[in-house]
Amino acid sequence: MTGKIFLIAGARPNFMKIAPLIKELNETNIEFKIIHTGQHYDYNMSKIFFNDLGIPEPDIHLNIGSASQAVQTAKIMIEFEKVVLKEKPLLVVVVGDVNSTLPCSLVAKKLNIKIAQVESGLRSFDQKMPEEINRILTDQISDFLFTSEYSAEVNLKKEGIDQNKIFFVGNIMIDCLLMNLKKTKRLNTYKRYGLEKKKYALITIHRPSNVDTQENLNKIIKILNFTQEKIRIFFPIHPRTKKNLERYKLEDKLKKLNIILSEPIGYLEFLNLMENSKMVLTDSGGIQEEASYLKIPVLTLRENTERPITIEKGTNEMVGNNLDKIKKYVNEILLKKYKQGQDIEKWDGNTAKRIIDTIKEKIF
Ligand code: UD1
């Protein structure tokens, strides 16, 4: 069959998931187009990733920008429908769980176009997270559900998804990491920031549950205060976090701590900072996986994870905003008593190939 594929990307964690698919598709004669919704638009939240990952400019840009949950979702639907009606793709590939994923899936499905969901079936079981809603609804209407870990398949089957639609292909983020590890090793980002190898903690915080209320953001600052007494900290600040630090007048409190602050960092430099760090403290989804792969201890400042394999086999522990738990694990890490982590099944750099092979076999 002939026809083109749409690859949807809109927010920072999407770009490293489409890069390996683009590389793999370039080895075939399948036509594809990159659609950027515009959910993220700052240079260091979007364009820098295209440069770092060598992804071509998006073929179509929806220019949606920031808005409330409903407005952002609705605007993407309106703009994406026009594109789909004009271009008539054979398949829409969505990745991850951000607000760009669900509206593009809904539009495609209602126009009878097949959907492939990469990173399907992950569940935090916390419907207060917009990502959880995006995940559940997208999975329900997808035709090809590509999973990264075993728990995902269990979740999908419980939700009544037909086994024939589920394909355990591994973790696409790790494909991207392996594609770029050599390049990132050549950088000296950590040294440029005055950091010493394995002598600093890398911190990222941006979840609404941690930064949207004054009370919780204050707890984060207390955690940073404790950690900076134990180890040097590098903290690139996400725009949502920055906005809330300003709103609650907490910037001065943060700046008084012995922490290196920076703007958000591009993919290659971030990987360099992560690989050379002693530990990572984060509330990101993907970083739990990348740190686990690299066997760097990672403490996740959330109550739950949709990626349980990173706890079972990886180097991840859930600490929420519980200072006692953080103290315990930080001390274990510094005393080299923390768990080492093991290799994880199919996190091997061949996920994109498995996905494109399946798509070729089933559709083209
Ligand atoms: C989104 C994803 C989240 C992901 C994160 C990575 C959803 C529901 N959430 O959260 O899963 O972990 O991206 O970054 O899709 N902003 C800027 N510049 C930008 C983009 C955003 O300043 O380029 C600011 C705006 O004030 C905006 C806020 O950040 O309102 C939040 O952006 P949004 O895309 O709504 O959610 P994230 O918190 O980035």
Side-chain angles (χ1 to χ4, degrees), residues 8-18 36-52 58 61-77 80 94-106 117-120 122-124 126-138 148 173 176 203-213 216-217 220 235-248 262-267 270 274 280-291 298 300-302 304-307 310:
I8 310 296
R12 186 169 64 176
N14 292 159
F15 308 130
M16 43 289 226
K17 293 173 192 161
I18 63 162
H36 193 320
T37 65
Q39 178 179 345
H40 285 174
Y41 42 85
D42 287 346
Y43 172 79
N44 56 19
M45 294 295 285
S46 175
K47 183 82 172 91
I48 194 171
F49 290 86
F50 282 74
N51 297 345
D52 275 8
H61 207 302
L62 306 181
N63 286 312
I64 298 305
S66 296
S68 68
Q69 294 289 320
V71 171
Q72 193 168 57
T73 308
K75 273 181 155 178
I76 295 174
M77 285 188 74
F80 186 59
V94 291
V95 295
D97 55 17
V98 301
N99 275 355
S100 301
T101 304
L102 176 62
C104 292
S105 307
L106 274 174
Q117 155 71 331
V118 177
E119 205 183 83
S120 191
L122 298 178
R123 295 290 180 268
S124 65
D126 174 3
Q127 293 198 4
K128 287 201 204 88
M129 293 175 75
E131 293 85 351
E132 183 77 351
I133 320 278
N134 297 338
R135 287 190 279 256
I136 294 171
L137 299 180
T138 302
S148 54
M173 295 271 289
C176 193
I203 309 231
T204 80
I205 305 286
H206 72 280
R207 290 273 159 219
S209 59
N210 279 326
V211 304
D212 280 6
T213 67
N216 288 347
L217 197 49
I220 295 297
F235 181 20
I237 304 185
H238 186 280
R240 176 188 285 278
T241 309
K242 186 169 183 238
K243 221 161 121 185
N244 286 315
L245 284 164
E246 285 163 11
R247 177 187 301 162
Y248 300 127
S262 88
E263 293 290 311
I265 301 253
Y267 183 77
F270 190 84
M274 180 154 46
V280 179
L281 271 71
T282 191
D283 58 8
S284 151
I287 294 172
Q288 297 169 51
E289 300 180 325
E290 291 167 331
V298 50
T300 298
L301 284 86
R302 286 175 47 188
N304 49 57
T305 181
E306 57 287 326
R307 295 160 160 92
T310 60

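Computation of the quantities below employed the complete heavy-atom set of this structure, encompassing side-chain atoms and omitting hydrogens, waters and symmetry-equivalent molecules. Read the numbers this way: they start at 1 and go in the same order the structure lists the ligands and their atoms. In this chain, residues are counted from 1 in sequence order.
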Are a donor atom and an acceptor atom from the side chains of [X] and [Y] found within less than 3.5 Å of each other?
| X | Y | answer |
| --- | --- | --- |
| T305 | Q288 | yes |
| E289 | T310 | no |
| N210 | D283 | yes |

Original post:
So among H36, Q39, R12, H40, which one has a side-chain hydrogen bond (donor to acceptor under 3.5 Å, both in side chains) with S46?
Top reply: H36
Original post:
Looking at E132 and S124, what are the two nearest heavy atoms and their distance?
Top reply: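 Shortest heavy-atom contact: OE1-N, 2.9 Å.
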Original post:
side-chain hydrogen bond (donor to acceptor under 3.5 Å, both in side chains) with Y248: which residues, sequence neighbours excluded?
Top reply: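 Result, side-chain hydrogen bond (donor to acceptor under 3.5 Å, both in side chains) vs Y248: none returned.
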Original post:
Tell me, which residues have any heavy atom less than 4.0 Å from some atom of ligand 1?
Top reply: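 The answer is R12, P13, Q39, H40, Y41, D42, M45, S66, V98, N99, P130, E131, H206, R207, H238, P239, R240, K243, counting any residue whose heavy atom sits under 4.0 Å from ligand 1.
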